[in-house]
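Chain letters run A, B, ... following the sequence lines, proteins first and then strands; every chain starts at 1. What you see is a predicted model; the values in this text were computed from it and never measured.
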Amino acid sequence: MYALVDVNTFYASCETVFRPDLKGRPVVVLSNNDGCVISLNREAKALGFRMASPWFKIRPQLQQHNVAVFSSNYALYADLSRRVMETLEEMAPRVENYSIDEAFLDLSGVANCMPLKTFGHQVRNRLQKEVHLSVGVGIAPTKTLAKLANLAAKRWPQQTGGVVELTSPRHQRQLLHYLPVEEVWGVGGRLAKKLNLMGITNALQLAEAPTALIRKHFSVVMERTARELRGEPCLAFDEFPPTKQHILCSRSFSERVTDYMAMREAVSTYAARAAEKLRREHQYCREINTFIRTSPHDSRGAWYSNGASYTLQIPTQDTRDITAAALRCLDAIWRPDHRYMKAGVILGDFFSQGVAQLHLFDAFQPRHNSEKLMKVCDDLNKKARNTLWFAGQGIQQEWAMKREMLSPAWTTRIADLPRVRIS
DNA sequence: TCTGGGGTCCTAGGACCC
DNA sequence: TCTGGGGTCCTAGGACCC
């Protein structure tokens, strides 16, 4: 048996934890750059506001309804997420940290101690009391069913008390019959449309469709989803996250970038940040990819989107190598006279140590003392962000993202408070 | 009339998730 | 004026191998 625990309206809830004055008030959280809505609490949803609405379009209505609006504050969300996960780890034998606001629990053995539903309520009560966040709990024999049980717990909080146990086949069929197929985990808009054309509109019909038919029209992913709905586990429980295959750092700019030097600063900054993430994963990479693009919504000027990649001879984790490669890629794809909206750097082809395989006649040698130098940089920046950076990243960073309604870093150190630039 | 069989690796693109 | 960021997995097709 698995449980899926998921924090209700996570980002919006985090913003209210330290602001009791917001109780009962609608709250929304905006994406990076204060672009669009990415989290809304129950009150904001009840007013008819929707996910992904551009802020500039709904701003007047938000003001009119006295909605509290926040820029996203990832330092705060990550810290509250950590507290949730730590609490869950104390309660369940095994925990899979699935996303910033959800975890699967392996409930093996729990039923010997108490009814599973009781356990679900204990989890809920404890998180409410200790972390001041409200969660939904779904319990079922497969991950996909646990997801649906969780959905039901959140959709009918009054009737369910926030906990749904979906262990009996009869209850499973009832719920599946009720839910449209696009609500199933793994079925997105495109696949739902295709399923609907085949006459499969609810989750029960997908569960009962012949495997051969599903396999004929879809990939093995859909077959697994259908089997999971029938109660046959196909998705493994991953207690330890597998090592990443790619690391990406990208941002939209606060204003369109047209200047080559500004773009170099941005790409250098993302490369440095990606390198930092790489070192935190204790990996070395060989492939560096840079992409730049204009806005698809921009009616002025032609749309342009391009990327280039560079493969190093020797895997590296040194910011200097990664930045140099990222800038080489930029030079290959940079075209003047575009209004760029976004750029990013992707690292790939990872190795767990620097010198994986030296080329027989290789002129390239690993940099001397690279690891030590990078460690010094990381340690300094860990104490206080942006203590030390490479000159190429720039100082003014006019293109850096906008976060005009950022909440304070309630839970973390003073050093992490939003930095005020003194010029 | 009629031209093998069995693999690997890589990449681009499409789908999904939060 | 203004529309996020960071990931995963699978498949088809091409190049290449013996």
Side-chain angles (χ1 to χ4, degrees), chain A residues 4-11 28-39 50-60 62 70-74 77-78 81 96-104 143-144 147 150-151 181-195 215-225 234-236 238 241-256 258 270 273-274 277-278 281 287 289 291 293-301 303 305-307 309 311 339 341-350 401-404:
Chain A
L4 177 68
V5 180
D6 177 324
V7 183
N8 300 329
T9 68
F10 183 55
Y11 295 171
V28 307
V29 176
L30 303 178
S31 63
N32 274 338
N33 233 1
D34 296 339
C36 55
V37 173
I38 53 167
S39 181
R50 289 289 167 259
M51 199 78 151
S53 311
W55 180 48
F56 74 93
K57 281 190 183 169
I58 58 167
R59 199 171 171 177
L62 289 169
F70 291 94
S71 304
S72 30
N73 182 346
Y74 289 100
Y77 312 150
S81 172
E96 176 184 336
N97 186 332
Y98 175 68
S99 78
I100 192 161
D101 74 328
E102 322 172 41
F104 286 101
K143 284 179 156 185
T144 305
K147 270 277 199 184
N150 177 281
L151 184 82
V181 75
E182 60 264 31
E183 309 244 34
V184 174
W185 189 40
V187 179
R190 304 289 180 90
L191 295 176
K193 207 170 154 192
K194 202 168 153 188
L195 285 164
R215 201 60 184 87
K216 191 175 154 209
H217 295 281
F218 302 93
S219 77
V220 67
V221 180
M222 183 70 84
E223 181 185 335
R224 288 201 278 250
T225 298
C234 299
L235 302 174
D238 289 316
T243 52
K244 288 197 200 315
Q245 302 190 29
H246 298 280
I247 287 174
L248 166 67
C249 181
S250 75
R251 294 282 182 280
S252 296
F253 306 127
S254 56
E255 41 198 72
R256 300 290 181 252
T258 51
Y270 304 155
R273 181 80 189 96
K277 291 189 198 176
L278 181 72
E281 298 268 320
E287 193 191 296
N289 182 97
F291 67 85
R293 60 181 64 138
T294 61
S295 168
H297 306 286
D298 196 344
S299 50
R300 305 194 271 156
W303 179 73
S305 173
N306 206 350
S309 78
T311 304
R339 303 175 66 238
M341 173 206 67
K342 183 178 187 169
V345 172
I346 306 169
L347 309 181
D349 199 6
F350 293 164
M401 69 180 179
K402 238 181 345 194
R403 295 159 94 189
E404 285 171 355

Would one find a side-chain N or O of A/Ser252 under 4.0 angstrom from OP1 or OP2 of C/dG5?
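Yes, within the criterion.
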Between C/dG6 and A/Arg251, is there an OP1 or OP2 to side-chain N/O distance shorter than 4.0 Å?
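Yes, within the criterion.
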What's the [atom1]-[atom2] distance between [X] and [N], to the nearest Å?
{"X": "A/Asn306", "N": "B/dA12", "atom1": "CG", "atom2": "P", "answer": "12 Å"}
{"X": "A/Ile100", "N": "C/dG7", "atom1": "CD1", "atom2": "P", "answer": "12 Å"}
{"X": "A/His217", "N": "B/dA15", "atom1": "NE2", "atom2": "C1'", "answer": "18 Å"}
{"X": "A/Leu235", "N": "B/dC16", "atom1": "CG", "atom2": "P", "answer": "16 Å"}
{"X": "A/Met222", "N": "B/dA15", "atom1": "CE", "atom2": "P", "answer": "11 Å"}
{"X": "A/Arg403", "N": "C/dG4", "atom1": "CZ", "atom2": "P", "answer": "15 Å"}
{"X": "A/Leu4", "N": "B/dC17", "atom1": "CG", "atom2": "C1'", "answer": "13 Å"}
{"X": "A/Phe56", "N": "C/dC2", "atom1": "CZ", "atom2": "P", "answer": "7 Å"}

Among [options], which nucleotide sits nearest the side chain of [X]?
{"X": "A/Lys342", "options": "C/dT11, C/dG5, B/dC18", "answer": "C/dG5"}
{"X": "A/Pro54", "options": "B/dC16, C/dT11, C/dT3", "answer": "C/dT3"}
{"X": "A/Asn32", "options": "B/dC18, C/dG5, C/dG7", "answer": "C/dG5"}
{"X": "A/Trp185", "options": "C/dT11, B/dC17, B/dC16", "answer": "B/dC17"}
{"X": "A/Glu102", "options": "C/dC2, C/dC10, B/dC18", "answer": "B/dC18"}
{"X": "A/Val221", "options": "C/dC10, B/dC17, C/dC9", "answer": "C/dC10"}
{"X": "A/Arg190", "options": "B/dC16, B/dC18, C/dG6", "answer": "B/dC16"}
{"X": "A/Lys277", "options": "B/dC17, C/dG5, C/dG7", "answer": "C/dG7"}
{"X": "A/Arg339", "options": "C/dC2, B/dC17, C/dT11", "answer": "C/dC2"}
{"X": "A/Tyr98", "options": "C/dC2, B/dC17, C/dG4", "answer": "B/dC17"}

In the structure I gave you, are the side-chain heavy atoms of [X] and [Y] within less than 4.5 Å of one another anywhere?
{"X": "A/Lys402", "Y": "A/Asn33", "answer": "yes"}
{"X": "A/Leu4", "Y": "A/Glu102", "answer": "yes"}
{"X": "A/Lys143", "Y": "A/Tyr98", "answer": "no"}
{"X": "A/Ser250", "Y": "A/Phe291", "answer": "yes"}

Quick one: label [X] by what it contacts on the DNA or RNA (base, sugar-phosphate, nothing), any heavy atom closer than 4.0 Å.
{"X": "A/Glu255", "result": "nothing"}
{"X": "A/Asn33", "result": "nothing"}
{"X": "A/Gly307", "result": "nothing"}
{"X": "A/Arg224", "result": "sugar-phosphate"}
{"X": "A/Leu191", "result": "sugar-phosphate"}
{"X": "A/Lys147", "result": "sugar-phosphate"}
{"X": "A/Asp34", "result": "nothing"}
{"X": "A/Ile247", "result": "sugar-phosphate"}

Mapping A/Arg215 and A/Ser31 to their closest nucleotides on DNA chain C, which lands nearer the 5' end?
A/Ser31
So which one's nearest nucleotide on DNA chain C is more toward 5', A/Lys244 or A/Trp55?
A/Trp55
How long is the gap from CZ on A/Arg256 to CG on A/Asp298, to the nearest 0.5 Å?
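Atom-to-atom, A/Arg256:CZ and A/Asp298:CG are 5.5 Å apart.
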From A/Leu30 atom CG to A/Asn73 atom CG, the distance as rounded to the nearest 0.5 Å:
12.5 Å
Using the rule for Phe, Tyr, His and the six-membered ring of Trp, do A/His297 and C/dT3 stack at under 5.5 Å and under 30°?
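Taking the rule of under 5.5 Å and under 30°, the ring of A/His297 does stack on C/dT3.
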Using a 3.5 Å distance criterion without hydrogens, assess whether the side chain of A/Ser71 forms a donor-acceptor pair with backbone atoms of A/Glu404.
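At least one qualifying donor-acceptor pair exists.
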